[in-house]
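Reading through the structure tokens given below for one structure.
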Amino acid sequence: MSSLAYDPRDRGGPQQPMLIARDLRKHFPVKASGGKSVQAVDGVSFSVGKGETLGVVGESGCGKSTLARLMLHLIKPDAGELVFDGDPVGVAPGIPIDALRRQVQIVFQDSYSSLNPRMPVRDSVAFGPFVQGKRKDEARQVARDMLGKVGLDPEIFGPRYPHELSGGQKQRVNIARALATGPRMVILDEPVSALDKSIEAQVLNLLRALKRQLNLTYVFISHDLNVVRYISDRVLVMYLGRIVEFGPIDAIFERPLHPYTRALLASRPSMDPARRIELPPISGDPPNPIEPPSGCRFRTRCPFAEMVCETADPMLGPLQGPQSHVAACHMQEAHSGHSLAASA
Amino acid sequence: MPLAEVRDLYVRFVTREATVYAVNGVGFTVRPGEVLCILGESGSGKSVTLRALMRLLPARRTQIRGSVTVEGQNVLGMPRRALRDLRGGLVAMIFQEPMTALDPVYTVGQQIGETIRRHTGCGREAARRRALELLEMVRIPSAARRLDAYPHELSGGLRQRVMIAMALSCSPRLLLADEPTTALDATVQVQVLILLRRLQRELGMGMIFVTHDLGVAAEIADTVAVMYAGRIVESGPVGQILNAPAHPYTAGLLASTVHGQSRDRDIDAIAGSPPDMRRLPQGCSFAPRCPLRMAECRFAVPEPRFPVRGHMAACHAVAHSSPATQAAVTPTVAGSRATISAR
Ligand SMILES: Nc1ncnc2c1ncn2[C@@H]1O[C@H](COP(=O)(O)OP(=O)(O)OP(=O)(O)O)[C@@H](O)[C@H]1O
Ligand SMILES: Nc1ncnc2c1ncn2[C@@H]1O[C@H](COP(=O)(O)OP(=O)(O)OP(=O)(O)O)[C@@H](O)[C@H]1O
Ligand code: SF4
Ligand SMILES: [Mg+2]
Ligand SMILES: [Mg+2]
């Protein structure tokens, strides 16, 4: 984690996590299912340290974007709480939601629909600062600076409309828009997934440079483990609305604890035709999130599943400091009843 | 005889406002039982090339030039009736998004059965039996039950397996796969790749597999053709392309693909972005982004060079090492046999 320059908005000091999430839950009711719901995020707790990049990985539908929206209160959690720099979010005497949104910004997964198609991009970038009370000419100046910072000449690209930009350029505008209000933390929801590899590399370099320059804290959502490894300090792995593993990036990649994390890692192409993957690391698809399996949600695909996995929810061990590495699996829990669990 | 041969293929889309130069002189050969990966970024002309092999392009606004032959038959010149027999018979195609190719109002069994009946004229019962066989072949769990499922009742991975089963229903000699695993999750993608590889080998099919992912190509290809702005800029055995790329674009793509780089350094990205396909640069299309650019790159399209036999790179900065006669023909991918044992 990088050292931070002094920020007058810092309240809790460097040891105080930027964001703490406790037991967040969001279920979406499903029409025509007899009162059932999608358990998009189901009891998720973690913290984001100041100046760190927290990676979030998992397969499609596991709840990554829902979690991102919950972190900004763009959707209201059914349960759980958020603490931003020591202040509870949305409850007096904590930090009000609009004040949270001045300090936390998001770059959305779908960069095409998140820019106003009828506005020159410089106006889209200036909009945030303007709404926050800057004069029009000041907001315009911020937009020019920000476009320059993301590598787009404001004279050439500022007057253009979104459809006149390539995918990579649009994503740069999105990043400029998110940064224009001077946030301390940015949630990046699959910011490079829609981009070609050669452009993805440019945007990743840009994000890293901006983080250093502006002392930012990132939450970086992706399904590409290689990208997450490159960019993150810590990572949380999600499966069907729950965290299955959480820890420092090297620990997770070198000593993965959860069978799902191991399967994800082993599913990455080798990049070497002489060492191809011969057998699928796991079989089947992720199950329907409307009726997730009882107990461990991964048990229907897990090669180690035993009786206890069906009857009891594995707990994500207690977090002890930012370096702790935990997994929600009965094999990791002493005396859980799983034959491979430690018995001491 | 090669299974499929494409020579000097040019495809243009002409509209009132502009002409899109989608494919600009593409050539390659696929032998029976061989897997050719066409690798390239968005808009480079991969899908258009693949569609040309089945003549699946909108006839009105499309100008096609060049030759496409499959088992010696001239695809671009054949009458419509013959074309119908070709599609789904000799040649079959799998698309990226299975939902667009499956009909939501018919069950899986009905759709596969119908395809079989159309091509073989067999009875309903026999078609259903064959459909079941196919679902089992693509390893769909509880296949008998899945015959009566509608596409929306299946997960993404199962739908893609159904698409594969449908494509295989008439025992094609050549399978065309357009990014068939791109929309799938990582743990499912690898299952489908392994399945396709196994079926391709067991059935002895040739396959052209389009992808933008180097890692996927490494898992499935015998030979790779790298496309940039409607041209094949490099081709050769997969090991050669991944371990010793000769074209600066391929080398740049490899360096930009994040896979275990040190976190202390920036990624070696390729600067700039691909050209506008309506206004291609005059010389090498990669010149505006190329770190090795020389004066001639700006005005002359580079001829194919062969740094190693069977390995072609169209780049002014690459030295010839094989006889010039090889360069006179369209880049034909050879020497792929050696890599097959690696699977
Ligand atoms: N507004 C909504 N109403 C109903 N269901 C929803 C809603 N938003 C998300 N879901 C469901 O919640 C689950 C989690 O969705 P979410 O978008 O968070 O997943 P994700 O991990 O971001 O997936 P992806 O990788 O595809 O972006 C999915 O099953 C999704 O269909
Ligand atoms: N029917 C069409 N009319 C006009 N232009 C087209 C048509 N089909 C494709 N193009 C253009 O031709 C070029 C090549 O398209 P193609 O679909 O082959 O790209 P691709 O390599 O498959 O890209 P992707 O990875 O995004 O699928 C693009 O510039 C595209 O916009
Ligand atoms: S709890 Fe059981 S089913 Fe879940 S991952 Fe661990 S061993 Fe597998
Ligand atoms: Mg998402
Ligand atoms: Mg395509």
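Worth knowing before you read on, the calculation uses all heavy atoms, side chains too, and leaves out hydrogens, waters and symmetry mates. Each chain gets a letter, A, B and so on, in the order its sequence line appears, and its residues count up from 1.
- In this structure, the side chain of B/D266 does not engage the main chain of A/N205 through any donor-acceptor pair within 3.5 Å.
- Here the side chain of B/Q261 pairs no donor or acceptor atom with the backbone of A/Y230 at under 3.5 angstrom.
- Considering only heavy-atom pairs separated by less than 4.5 Å from chain B, the leading option among A/P280, A/G61, A/P281 is A/P280.
- Contacts of A/S232 with chain B are made by backbone atoms alone, with heavy-atom separations under 4.5 Å and no side-chain atom involved.
- The contact between B/L254 and chain A is made entirely by side chain atoms (from C-beta outward), counting heavy-atom distances below 4.5 Å.
- Scanning residues 156-163 of chain B against chain A with a 4.5 Å heavy-atom cutoff picks out B/G156, B/G157, B/L158, ordered by number.
- Remark: the backbone N or O of B/R263 is not paired with any side-chain donor or acceptor of A/R229 at under 3.5 angstrom.
- Residues B/R289 and A/S198 share a closest heavy-atom pair of NH2-OG, 3.0 Å.
- Taking OG of B/S42 as the reference point, atom CD1 of A/I199 lies at 10.5 Å (rounded to 0.5 Å).
- Between the CG atom in B/N243 and the CG atom in A/D272 there is a gap of 6.0 Å [rounded to 0.5 Å].
- Between chain A and the residues B/S273, B/S155, B/G43, the largest count of heavy-atom pairs under 4.5 Å involves B/S155.
- Within the 4.5 angstrom heavy-atom criterion, atoms from both the backbone and the side chain of B/I270 approach chain A.
- The ring pair (Phe, Tyr, Trp, His ring centres under 6.0 Å) check on B/Y249 picks up B/Y228, B/F286, with sequence neighbours excluded.
- Here CG of A/L195 is found 12.0 Å from OG of B/S256. Values are rounded to the nearest 0.5 Å.
- For the pair B/A186 and A/E59, the tightest heavy-atom approach, listed with the atom from each and the gap, is N-OE2, 4.0 Å.
- With a 4.5 angstrom heavy-atom cutoff, A/L279 touches chain B only via backbone atoms.
- Residues passing the side chain to side chain donor-acceptor pair (under 3.5 Å) test with A/D224: none are found, sequence neighbours excluded.
- Interface residue A/I282: backbone and side-chain heavy atoms are both found under 4.5 Å from chain B.
- Using a distance-only test at 3.5 Å, with no hydrogens or angles considered, a donor-acceptor pair links the side chain of B/Q191 to the main chain of A/G284.
- Your options are B/V216, B/D213, B/V188, B/D185, and the one with the most heavy-atom pairs under 4.5 Å with chain A is B/D185.
- A/P287 does not touch chain B: none of its heavy atoms, backbone or side chain, sits under 4.5 Å away.
- Annotation: ring pair (Phe, Tyr, Trp, His ring centres under 6.0 Å) contacts of A/Y218 (sequence neighbours excluded): none.
- Residues B/L214 and A/K197 have side chains not in contact (no heavy-atom distance under 4.5 Å, counting atoms from C-beta outward).
- Nearest heavy-atom pair across A/D196 and B/E41 is CB-OE1, 2.7 Å.
- Rounding to the nearest 0.5 Å places OG1 of B/T257 at 9.5 Å from CG of A/N226.
- Defined by atom type and a distance below 3.5 Å, a donor-acceptor pair is missing between the side-chain atoms of A/S283 and B/R139.
- With a threshold of 4.5 angstrom between heavy atoms, B/V190 approaches chain A through side-chain atoms but not through N, CA, C or O.
- When side chains are defined from C-beta on, A/I277 counts as touching B/I194, because their heavy atoms get closer than 4.5 Å.
- Pairing each heavy atom of A/P269 with each of B/Q189, the nearest pair is CG-NE2, 4.3 Å.
- Most heavy-atom pairs under 4.5 Å with chain B: of the set A/N288, A/I249, A/L225, this distinction falls to A/I249.
- For chain A, the nearby part of B/R265 is the backbone; its heavy atoms alone come within less than 4.5 Å.
- Here the OG atom belonging to A/S270 is positioned 9.0 Å from the CG atom belonging to B/L242, to the nearest 0.5 angstrom.
- Heavy atoms closer than 4.5 Å to chain B are found in the side chain of A/E200, but not in its backbone.
- Contact annotation for B/A217: only backbone heavy atoms (N, CA, C, O) come within less than 4.5 Å of a heavy atom of chain A.
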